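This report concerns only the one structure given below.
Just so it is clear, the model here is predicted, and its values are computed rather than measured.
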Amino acid sequence: MEAEGAVSAPSRPRRPFVRGGGRMAGGGGRTRCPPGALLGMAAVLAAVGWVRAEPKEEQLSIDLIGKNEVYGDTRHEVNVYVKVFTNSPFLVCMDLALSQEKIIDPKYSWIGPDGRHLEGQKYANMTETGKLMVMGFRESMSGTYTCTLSHKIIETTTQEETEIVQAYKFMVYAYREADHAYQVFVRFTTAHCQLRNNGLFFETLEKILNSTIAHLTCHITQSSYKCHSIRTPKHGLQHELFVNFQVDPFAPGWEEVCHKFPYDCEDVTNMRAQQAAERIGKFFQQLRYILEHEAEAVPTIQYVENSFSMTPIDSCRPGFGKNHRTHQNCASCCVVCGPGTYSPNNEVTCRTCARPRVRMYGAKSCQ
C-alpha cells in the first residue's frame, strides 16, 4: 500500500500505514534445523517424551488504504493517526465538496497544537493550495491542527464580493504498532505426577526451544508447568502435564537490533517474534517425526493430540496504549496517551492521572 493516504475501510495487513478519522489516512525464510542437532535433541528427549506443535497463522497488524490526503469537515474534527517517525498525510484545508469547485482568492492559515502558526516551521510542509504535511511525526506533535480558509464569492450580475471564512480542525495522533509476543499452551501425558522425569522433560524442552530461537534475539519467558490427575470415562485416571510459556522478542541484545532500524523497530521486532514462533512450530513437527521413526525407546511422556495452541499477546511502548472506544478507527494501534493520562510500562492501556495532571501527549508518568 502507499505510505500514507486517505482511507475509508480496513484491509489486510501491510506496512507502513497512517489512519484518519471520518476520512482516514494511510500513512523469512525458515531455517531448517540441522539433522544432527535434531537427532541430538531427540536423543535427550526420547527418554522422557515427545512433542508436536502446529502454529496458527496470525494477523500481526491491520492497515488502511487510500490516497495521501485527508479533507477537513466544518461539522466536526477529523481524526488522523500517524505512525511515529513517518510523515503525515496531506491535511487539506477544505472539505471534499468544496475541493470540486472553483475558489476565488483563497488564503490559508494553519495553527499547530501549541497555538503557533505553522508557516516557516521546519517540520511543516505547506503547499500553496492549503495542504499541510507534518514531517517526522513524534508523539509530542499530537494534538489539534486548525486551518482557516478565507475566499471570495462574486455575484455575477453586480460583481459584489463577499468574503467567506471557514475553519477546519484535524485531531492528529501519533501511534505505534503493538509489539507481539506469543503465548503457547500444550499438554503431555505422563505415567505419574510425582515422576522426576517430568521436571527434567520441562527443563530440557525449555533449553532446546531457547537455543532454537536465540539467533532471532527471542527467548522463552514465563514458562511453567503443572501436573494434574484427570479421570476420563474411557481411560480411567490419567496424569497430564499442562505446559505454558511465552515466545518473547526482547531477549538480551534486542536493543542493538532495534537501533539498526529506528524507524521500523516494531516491524522488525514483530517479524522476529513471528519467525521465532514459526521455528518452534517447525521444530516440533520435525521432532515428532524423529521420535516416531528414529527413537529406540518408547517415550514415557507423550503429546496430547490437538492440545497445542498459540495466541498472540499485544503490548505497547511506554507513553502509548489502546482504547477501542476513543480510537475506533485505529483499534489495533498503540495510540499516544492523551493529556491527563500516562503509561509507564509495556501495558496496553493508558492510566488516568490523579494530581498533578499532565498536559502533554505521550507521558510516561504524571510528574
Side-chain angles (χ1 to χ4, degrees), residues 1-7 15-27 63-64 66-96 98-99 103 105-151 163-177 262-265 319-320 327 329-330 333-339 358-363:
M1 63 163 288
E2 299 178 6
E4 296 91 13
V7 299
R15 304 185 186 92
F17 60 93
V18 188
R19 307 183 180 180
R23 282 180 289 274
M24 296 164 283
D63 66 2
L64 302 174
K67 296 180 179 179
N68 190 31
E69 294 181 346
V70 181
Y71 288 88
D73 194 319
T74 56
R75 298 167 297 179
H76 55 75
E77 291 182 342
V78 176
N79 292 338
V80 182
Y81 298 88
V82 183
K83 189 174 181 178
V84 290
F85 303 118
T86 69
N87 298 335
S88 77
F90 276 110
L91 310 181
V92 184
C93 189
M94 65 182 65
D95 54 63
L96 183 60
L98 188 60
S99 69
I103 303 177
D105 295 335
K107 295 180 181 179
Y108 312 93
S109 176
W110 280 98
I111 297 177
D114 56 3
R116 298 179 182 178
H117 287 276
L118 294 178
E119 187 174 0
Q121 299 292 338
K122 294 182 179 180
Y123 59 86
N125 177 14
M126 300 175 60
T127 72
E128 61 180 8
T129 56
K131 299 177 183 179
L132 168 69
M133 173 183 287
V134 185
M135 299 180 293
F137 205 83
R138 300 297 299 269
E139 49 265 47
S140 59
M141 297 178 177
S142 300
T144 303
Y145 288 75
T146 304
C147 177
T148 301
L149 165 64
S150 63
H151 62 97
E163 186 174 21
I164 303 296
V165 179
Q166 294 170 298
Y168 300 92
K169 290 186 177 182
F170 300 84
M171 191 64 222
V172 187
Y173 299 96
Y175 83 92
R176 292 179 178 270
E177 285 195 34
Y263 302 141
D264 295 304
C265 185
F320 292 79
H327 304 294
N329 292 320
C330 206
C333 309
C334 291
V335 181
V336 63
C337 295
V358 294
R359 298 182 178 180
M360 61 181 288
Y361 283 87

Interatomic spacing from [atom1] in [X] to [atom2] in [Y] - rounded to 0.5 Å:
X: Asn125; Y: Asn87; atom1: CG; atom2: CG; result: 8.0 Å
X: Tyr175; Y: Cys334; atom1: OH; atom2: SG; result: 10.5 Å
X: Asp114; Y: Arg116; atom1: CG; atom2: CZ; result: 5.0 Å
X: Glu163; Y: Lys107; atom1: CD; atom2: NZ; result: 7.0 Å
X: Met126; Y: Glu119; atom1: CE; atom2: CD; result: 5.5 Å
X: Lys169; Y: Leu91; atom1: NZ; atom2: CG; result: 15.0 Å

Would Glu77 and Phe170 satisfy side chain to side chain contact (heavy atoms under 4.5 Å, CB included), going step by step from the backbone distance to the final call? CA-CA 5 Å; Glu77 291 182 342; Phe170 300 84; over 6 Å; no
Can you see which heavy atom on [X] is nearest to which on [Y], and at what distance?
X: Ala124; Y: Leu132; answer: CB-CD1, 3.8 Å
X: Tyr145; Y: Gly112; answer: CD2-CA, 4.2 Å
X: Cys93; Y: Trp110; answer: CB-CZ2, 3.9 Å
X: Met141; Y: Met135; answer: CE-O, 4.0 Å

Backbone of Ala174 reached by a side-chain donor or acceptor of Ser142 within 3.5 Å: yes
Under 3.5 Å: donor-acceptor pair, side chain of Asp105, backbone of His151: no
